[in-house]
Asker: 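The structure's right below; bear with me while I get my questions together.
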Amino acid sequence: MDEDAGALPKKQDFSEWYNELLWRAEIMDVRYPVKGLYVWFPYGFAIRKFVYQRLRELLDRDHKETLFPLLIPEQEFMKEAEHIKGFEDEVYWVTHGGTTPLDVKLALRPTSETAIYPMFALWVRSHADLPIKIYQVVNTFRYETKQTRPMIRAREITSFMESHTVHATWDEAEAQVESEIALTREFYQSLCIPIIISKRPDWDKFPGADYTIAVDTIMPNGKTLQIGTVHHLGDHFSRTFSIQYEDKNGEQKVAFQTCYGISERCIAALISVHGDDKGLILPPVVATLQAVIVPITIGKRHDDVIAAAEKLKIDLEANGFRVKLDARDMRPGAKYYWWELRGVPLRLELGPRDLDAGKAMAVKRCGGKTTISFATAADDVTRVLGEITEDIREKAEEHMKSHLCTVDSMDALNSALNAGKVVVVHWCRERGCGDAIEEKANSSLLGTDVRSDYIEATDGPCIICGKPGKATLVGRTY
RNA sequence: GGGGUAGUAGGGUAGCCUGGUCCAUCCUAGAGCGUUUGGGACGCUUUGACGGCGGUUCGAAUCCGCCCUACCCCA
């Protein structure tokens with residue numbers, strides 16, 4: 001037998017592994033004939049559904065979900081100068097209605113500030129209208145010129161959660177930024193994805209923002225992936241779009257705003273951080289199927305085994321688990337590989353021997369075997385899924401810890417980066433030294449004000465000029 | 001942004017320069033039948049393609065033009 005039969009490329013060949021896995025595990029089809037646009041397979045879309053369900057649950061605590069149009073008229077889009085500068089090279093324009101050229105070109109939203117804020121100007125009248133906290137999950141379009149990759153750099157972002165808030169004061173907006181950061185932490189905690197939070201350097205902040213807080217994770221090849229950003233917009237947009245309110249004293253005041261975004265990159269991270277050489281590994285919260293029952297059917301016992309498996313399935317489903325009974329006419333081994341590739345966290349094997357013992361073999365996707373008994377199936381599965389979640393989280397945290405380090409010289413920075421690490425250095429926050437670090441180490445300054453559970457962020461002398469510096473995260477990015 | 005290479009069935013390849021064939025070929029692909037089944041079973045039968053549009057030609061996967069897409073290298 002061919003040992004390599006059906007094998008994925010190894011995860012250490014990350015790029016190949018990722019592309020092949022998306023195809024084989026039926027997450028995305030890259031063959032759509034427009035560059036940078038991809039098709040969700042039903043299985044991948046189901047993962048998306050559970051991930052975004054989790055995100056919505058968190059947001060719904062104090063945001064309201066809305067939906068704004070895809071098209072933005074040119075005048076509105078062009079109002080905020082800095083904002084335009086950041087996006088003008090990557091906007092798609094609708095220029096015709098049928099064969100008739102449009103009087104006013106319409107932009108396909110690259111992000112929705114300029115769609116939403118003119119409406120905020122109408123909605124906000126009094127201090128009693130504030131705060132406003134809304135979000136939407138939409139597709140956005142950017143004409144990317146760099147190499148596109150499914151879910152990581154696409155021309156259509158299919159699943160962009162963007163939240164937009166309006167507040168009476170700058171401080172209140174800042175508090176909102178912190179609350180969005182906490183929400184992001186909680187979201188990624190539930191996906192078992194470790195993150196690092198930092199404040200992007202000024203030249204890399206969101207066009208039109210006071211400051212940008214970014215959330216990054218580390219991919220298997222050591223590159224960082226930005227999987228969330230929170231922006232304090234100050235009053236830049238509210239001045240441009242005249243978002244004003246009348247305060248308690250009857251005075252007109254300009255409002256302050258934040259916005260915040262998470263895209264399907266969170267799914268790219270989910271797949272990449274947890275997967276292994278055999279395929280996907282999905283944390284139970286977002287697994288399309290949390291357990292698959294594979295009946296081992298031989299000869300006369302066939303009907304008995306199937307009946308017991310069906311009973312187990314019904315029992316587990318009644319307790320709220322997402323379960324499938326795989327009764328296809330395939331060899332059991334082939335089914336194991338099939339579901340391992342697709343990341344199902346728990347496999348329950350049920351054959352004649354197990355039937356007699358009143359138990360099923362429980363094999364964890366992340367490694368390890370145990371048994372569950374029919375009598376206490378729901379409790380046993382709850383316990384085992386909990387163990388799996390913890391295992392997945394621990395492995396992901398290990399990966400992050402082992403890919404983070406602190407250095408105090410350019411040489412050490414270069415060798416750490418070449419070894420696939422993300423690095424904390426000290427930087428004086430002068431643009432010149434920042435450019436020097438980026439250029440000499442062929443890397444990006446991810447941010448200052450580093451917040452991470454996995455590495456200490458202390459002050460120290462700038463590694464370029466030696467003046468007092470602050471902890472700064474440096475990495476090679478997607 | 002600049003340059004290069006390539007698109008042939010579900011996937012992988014040959015064929016192209018030098019236009020023509022009866023059966024291209026390999027596989028973890030599809031369909032069908034049978035025997036199997038505690039870690040990727042096997043046998044037999046069979047389906048299916050030249051990225052798109054246009055041109056040259058009696059005849060195009062092959063030659064010409066435009067477009068689309070993918071990958072690699074350099075900035």
Side-chain angles (χ1 to χ4, degrees), chain A residues 1-10 13-39 41-43 88-90 92 142-156 221 276-280 292-306 308-309 312 325-344 346-372 435 438-444 476-477:
Chain A
M1 185 185 69
D2 186 356
E3 267 187 324
D4 287 333
L8 272 176
K10 298 286 183 198
D13 307 323
F14 174 67
S15 227
E16 281 177 55
W17 176 88
Y18 183 76
N19 290 333
E20 190 71 16
L21 181 56
L22 291 189
W23 164 247
R24 302 250 304 255
E26 299 177 291
I27 296 163
M28 285 198 130
D29 196 330
V30 301
R31 296 175 301 174
Y32 192 76
V34 178
K35 181 183 166 64
L37 309 198
Y38 307 102
V39 178
F41 281 120
Y43 189 77
E88 62 186 349
D89 290 337
E90 29 185 74
Y92 280 95
R142 297 180 191 177
Y143 187 75
E144 292 284 354
T145 53
K146 290 186 185 168
Q147 186 180 346
T148 53
R149 280 172 204 278
M151 291 188 279
I152 292 175
R153 188 179 300 283
R155 286 186 168 176
E156 181 190 13
N221 58 5
D276 67 8
D277 287 350
K278 289 180 174 177
L280 284 183
V292 62
I293 302 170
V294 178
I296 312 295
T297 54
I298 306 169
K300 292 177 184 170
R301 306 292 300 277
H302 177 276
D303 292 349
D304 291 347
V305 169
I306 292 290
L312 179 60
L325 168 58
D326 185 355
R328 288 176 299 171
D329 182 21
M330 288 164 66
R331 298 171 76 88
K335 292 180 187 174
Y336 301 165
Y337 282 96
W338 173 277
W339 294 113
E340 280 166 359
L341 177 64
R342 286 162 180 75
V344 177
L346 184 62
R347 179 175 77 236
L348 300 173
E349 302 174 16
L350 180 47
R353 294 201 297 260
D354 308 300
L355 191 56
D356 296 337
K359 291 178 176 175
M361 173 74 78
V363 182
K364 301 190 239 178
R365 176 62 181 83
C366 50
K369 292 183 180 181
T370 179
T371 56
I372 63 155
D435 288 346
E438 293 196 333
E439 199 177 312
K440 287 185 187 170
N442 184 25
S443 61
S444 300
R476 298 197 171 132
T477 65

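Here the structure is a predicted model, which is why all the values come from computation and not from measurement. We name chains A, B, ... by the order of the sequence lines, and we start the count at 1 in each one.
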Asker: Record whether the side chain of A:Glu340 comes under 3.5 Å of the base of B:G39 through a donor-acceptor pair of N or O atoms.
Answerer: yes
Asker: Which nucleotide, B:G39, B:G38, B:U36, lies nearest any side-chain atom of A:Tyr337?
Answerer: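 Minimum distance to the A:Tyr337 side chain belongs to B:G39.
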Asker: Reading RNA chain B from 5' onward, which residue's closest nucleotide shows up sooner: A:Ser15 or A:Met361?
Answerer: A:Met361
Asker: Do A:Arg301 side-chain atoms and A:Ile296 backbone N/O form a donor-acceptor pair below 3.5 Å?
Answerer: no
Asker: Between B:G15 and B:C67, how far apart are the two C1' atoms, rounded to whole Å?
Answerer: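 One C1' to the other, the span is 25 Å.
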Asker: Among B:G40, B:G1, B:A70, which nucleotide sits nearest the side chain of A:Lys35?
Answerer: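 Per side-chain heavy atoms of A:Lys35, the pick is B:A70.
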Asker: Kindly say whether, by distance alone, the side chain of A:Arg31 makes a donor-acceptor pair under 3.5 Å with the base of B:G7?
Answerer: no
Asker: How do A:Tyr32 and A:Ala334 order along RNA chain B: which one's closest nucleotide is nearer the 5' end?
Answerer: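 Final value for this comparison: A:Ala334.
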Asker: How would you list, by chain and number, every residue that makes a salt bridge (charged side-chain N to carboxylate O under 4.0 Å, His left out) with A:Arg328, sequence neighbours excluded?
Answerer: A:Asp326
Asker: What interatomic distance, in whole Å, is found between C1' of B:U25 and the corresponding atom of B:C64?
Answerer: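 To the nearest whole Å, 30 Å.
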Asker: Would you say A:Lys359 has more than 12 foreign heavy atoms packed within less than 6.0 Å of its NZ?
Answerer: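 At most 12 heavy atoms, drawn from other residues, nucleotides or ligands, come within 6.0 Å of this atom.
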Asker: What interatomic distance, in whole Å, is found between P of B:C27 and the corresponding atom of B:A70?
Answerer: 31 Å
Asker: Taking only the side-chain heavy atoms of A:Gln147 (C-beta and beyond), determine which of B:C72, B:U69, B:G38 contains the nearest atom.
Answerer: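 Of B:C72, B:U69, B:G38, B:C72 is nearest to the side chain of A:Gln147.
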Asker: A:Arg347 side chain: which of B:U69, B:U37, B:G39 is closest?
Answerer: B:G39
Asker: Students often mix this up, so state it plainly: with edges at 30° and 60°, are the rings of A:Phe41 and A:Trp23 parallel, tilted or perpendicular?
Answerer: tilted
